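Everything on this sheet refers to the single structure shown next.
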Number of protein chains: 2
Amino acid sequence: MKRKNGKISNAVIRRLPRYRRYLRELQKQGVEKISSNDFSELIGYTASQIRQDLNNFGDFGQQGYGYSVDGLYEEVSKILGLDHDYKMVLVGAGNLGQAISKYAMSIIDQGFQLCAAFDIKPELAGKKVEGITIYPYEELESYVSENQIDIGIICVNKGNAQEVADKLYSAGARGIWNFALVDLVVPEQVALESVHLADTLHSLAYHMNDIRRKSSGAEGKKK
Amino acid sequence: MKRKNGKISNAVIRRLPRYRRYLRELQKQGVEKISSNDFSELIGYTASQIRQDLNNFGDFGQQGYGYSVDGLYEEVSKILGLDHDYKMVLVGAGNLGQAISKYAMSIIDQGFQLCAAFDIKPELAGKKVEGITIYPYEELESYVSENQIDIGIICVNKGNAQEVADKLYSAGARGIWNFALVDLVVPEQVALESVHLADTLHSLAYHMNDIRRKSSGAEGKKK
DNA sequence: TAGATTGTTAATCGATTAACAATC
DNA sequence: TAGATTGTTAATCGATTAACAATC
């Protein structure tokens, strides 16, 4: 992977997993090569954008031919860091936490292993969610550092999320997958990805109402 | 709410739930008014952007004074369509579906009510997830139309997601909250919000590796 | 070689930020 | 009224798209 210099914009990064998904589909269908034009039609980005995006990371194509599906899939996987495994812990085994842990458990085959869960409620200690033991919150830091955990999944309520993030960092975790509805502040050595589920639902609500307004107000055309 | 003409960009919409969250916090703290400058410091958008964003929807502020926290909270809620309730069904009660349903159940107080779940597996019919009955998949359309369901939550595997979306639409649902890892195509009368959890995790992996590369390659400075 | 298609530079578009007149 | 702060226009910045020379 011949990485070029300069910072890659986040817009590009967010498209990479999607490129990878479509490449995987093509691979399954036995397609060997694809041109940026054909790929454009499939994935819905312009051919120009596809070439620009990929060229941030190297010259993966071949003029007059296109891109090798297998090769590009491997490259994109490598760029994303999916060529090695990640150990994760879940913090907060309440409603949302149990929900997410269920999902997290199901992607071990994709290189993400959920190793343990933690909760501040003493009565949960020793119990299991989806086969994963819940430990007392006090043991979080020692567990993370001793077991070289890479990623902490934060599912505590928003008032405690920042403290959990701080603990995860000081114990050595370098990735935080945050589901608490709060905007965390983390040192630049930590990668943070927040999934604000409620925000996405609210955004959905907006669009539903926007569509309704448009269709009902089709006659009234306000200035 | 004095809506101005012209299309609002999606970037703006995605910021609205965040404005609302911070306004709620301010409200709780008993803050009565806030200027775009102070709000900027709190929320991390520029004051200019805040004023631009809000002015897409109306003149909510008062020159020389600022914005009323209560008033603006109400306005943003209304813009998002959170001044009325939504009835939802879950489709796909497998791993991810049960995970999401747990979460969906917990936000009824916020105007989102999960009414029923559906699954194609006959052995799940009649069972309950989190207090919600699972019905046979065949009954999806009749249930949605009879109960005037607004939103369908899609948690089936990607091969079936498009069919589910089509059924939800034809039965009258006008919002789709999609968790299947596929890009759905829906008529423009339907609002679609996809949460590709795996994509966010992959994006997190990228950033973790990016940080690692930078710190380890700090000496090697490639051209 | 001729045709196809990339890699890359230039042009365009849209979103963010800055500036300031309007006004409370 | 004077000071503060919005609403809005203009300037800047960044991301997307178009164009085309390089090259397989």
Side-chain angles (χ1 to χ4, degrees), chain A residues 1-16 18-19 22-23 26 31-73 75-76 79 203 206 223, chain B residues 1-16 18-19 22-23 26 31-73 75-76 79 203 206 223:
Chain A
M1 182 175 79
K2 204 174 20 162
R3 181 174 302 271
K4 318 227 168 151
N5 49 349
K7 174 132 180 50
I8 313 292
S9 93
N10 212 41
V12 176
I13 310 305
R14 301 214 156 273
R15 284 192 290 270
L16 291 177
R18 180 157 162 167
Y19 285 124
Y22 280 85
L23 288 165
L26 288 167
V31 177
E32 279 186 10
K33 64 148 187 141
I34 191 155
S35 69
S36 56
N37 249 304
D38 293 349
F39 203 14
S40 167
E41 208 147 306
L42 185 67
I43 203 173
Y45 302 143
T46 64
S48 221
Q49 179 160 69
I50 293 170
R51 295 202 300 277
Q52 286 276 28
D53 281 355
L54 297 176
N55 266 91
N56 283 304
F57 303 100
D59 299 352
F60 301 138
Q62 196 176 337
Q63 274 109 327
Y65 175 85
Y67 297 87
S68 143
V69 169
D70 282 2
L72 193 55
Y73 177 79
E75 291 289 356
V76 174
I79 294 165
S203 170
Y206 172 87
K223 85 125 223 174
Chain B
M1 182 175 82
K2 205 174 20 161
R3 181 174 301 270
K4 317 226 170 153
N5 50 351
K7 175 131 181 51
I8 314 292
S9 94
N10 213 40
V12 176
I13 310 305
R14 301 214 157 272
R15 284 192 289 270
L16 291 178
R18 180 157 163 168
Y19 285 124
Y22 281 85
L23 287 165
L26 288 167
V31 177
E32 279 186 11
K33 64 146 188 141
I34 191 154
S35 69
S36 56
N37 249 303
D38 293 349
F39 204 13
S40 166
E41 209 147 305
L42 185 67
I43 202 172
Y45 302 142
T46 64
S48 221
Q49 179 160 69
I50 293 170
R51 294 202 300 277
Q52 285 276 27
D53 282 355
L54 297 176
N55 265 91
N56 283 304
F57 303 101
D59 299 352
F60 301 138
Q62 196 174 338
Q63 275 109 329
Y65 175 85
Y67 298 87
S68 143
V69 170
D70 282 1
L72 194 54
Y73 177 80
E75 290 289 355
V76 174
I79 293 165
S203 170
Y206 172 87
K223 87 131 222 173

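Numbered from 1 within each chain, the chains take letters A, B, ... in sequence-line order. This is a predicted model, so every value here is computed, not measured.
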Check the distance between [N]'s [atom2] and [X]'s [atom1] and give it to me in whole angstrom.
| X | N | atom1 | atom2 | value |
| --- | --- | --- | --- | --- |
| A:Asn37 | C:dG7 | CG | P | 14 Å |
| B:Ile50 | C:dA15 | CD1 | P | 18 Å |
| B:Lys7 | C:dC13 | NZ | C1' | 16 Å |
| B:Leu54 | D:dT5 | CG | C1' | 14 Å |
| B:Phe57 | D:dG7 | CZ | C1' | 15 Å |
| A:Asn55 | D:dA22 | CG | P | 16 Å |
| B:Phe60 | D:dT6 | CZ | P | 14 Å |
| A:Phe39 | C:dT5 | CZ | P | 15 Å |

So, OP1 or OP2 of [N]: does either fall under 4.0 Å of a side-chain N or O from [X]?
| X | N | result |
| --- | --- | --- |
| B:Gln49 | C:dT16 | yes |
| B:Thr46 | C:dT17 | yes |
| A:Ser36 | C:dT5 | no |
| B:Tyr67 | D:dG7 | yes |
| B:Arg15 | C:dT16 | yes |

Chi angles and distances behind the side chain to side chain contact (heavy atoms under 4.5 Å, CB included) call for A:Leu72, A:Leu54: CA-CA 9 Å; A:Leu72 193 55; A:Leu54 297 176; 3.9 Å; yes
Among C:dC24, C:dT8, D:dT8, the one nearest B:Gln62 by side-chain distance: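 From the listed options, C:dC24 comes nearest.
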Which residue lies more 5' along DNA chain C, comparing A:Gly61 with B:Tyr65 via nearest heavy atoms: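 Per heavy-atom nearest nucleotide, the more 5' residue is A:Gly61.
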Which is it for A:Phe57 and A:Val76 under the side chain to side chain contact (heavy atoms under 4.5 Å, CB included) test, yes or no, and what are the steps along the way? CA-CA 9 Å; A:Phe57 303 100; A:Val76 174; over 6 Å; no
Indicate, yes or no, whether a donor-acceptor pair under 3.5 Å links the base of C:dT8 to the side chain of A:Gln52.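 Answer no: no donor N or O sits under 3.5 Å from an acceptor.
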Given the structure, check if the side chain of A:Gln63 and the base of C:dT5 hold any donor-acceptor pair shorter than 3.5 Å.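 Under the 3.5 Å cut-off, the side chain and the base do not form any donor-acceptor pair.
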Yes or no on side chain to side chain contact (heavy atoms under 4.5 Å, CB included) for B:Phe39 and B:Arg51, after CA distance, side-chain angles and deciding distance? CA-CA 10 Å; B:Phe39 204 13; B:Arg51 294 202 300 277; over 6 Å; no
Stepwise side chain to side chain contact (heavy atoms under 4.5 Å, CB included) check, A:Tyr22 with A:Ile34: CA-CA 11 Å; A:Tyr22 280 85; A:Ile34 191 155; over 6 Å; no
In the structure shown, which nucleotide is the Watson-Crick or G-U wobble counterpart of C:dC13, with both distances under 3.5 Å?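 Pairing partner: D:dG14.
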Does C:dC20 pair with anything, Watson-Crick or G-U wobble, both distances under 3.5 Å, and if so, with which nucleotide?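 Checking every strand shown, C:dC20 finds its partner in D:dG7, with both distances under 3.5 Å.
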Is there a side-chain contact between B:Glu41 and B:Asp38 (heavy atoms, below 4.5 Å)?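 No, every pair of side-chain atoms sits at 4.5 Å or beyond.
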How is B:Ser48 classified with respect to the nucleic acid when contacts are heavy atoms under 4.0 Å: base, sugar-phosphate, or nothing?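 B:Ser48: base contact, heavy atoms under 4.0 Å.
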In terms of ring plane angle, is the pair A:Tyr19 and A:Tyr45 parallel, tilted or perpendicular, where the classes change at 30° and 60°?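 Rings of A:Tyr19 and A:Tyr45: perpendicular, over 60°.
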Residue whose closest nucleotide on DNA chain D lies nearer the 5' end, A:Tyr45 versus B:Lys33: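 The answer here is B:Lys33.
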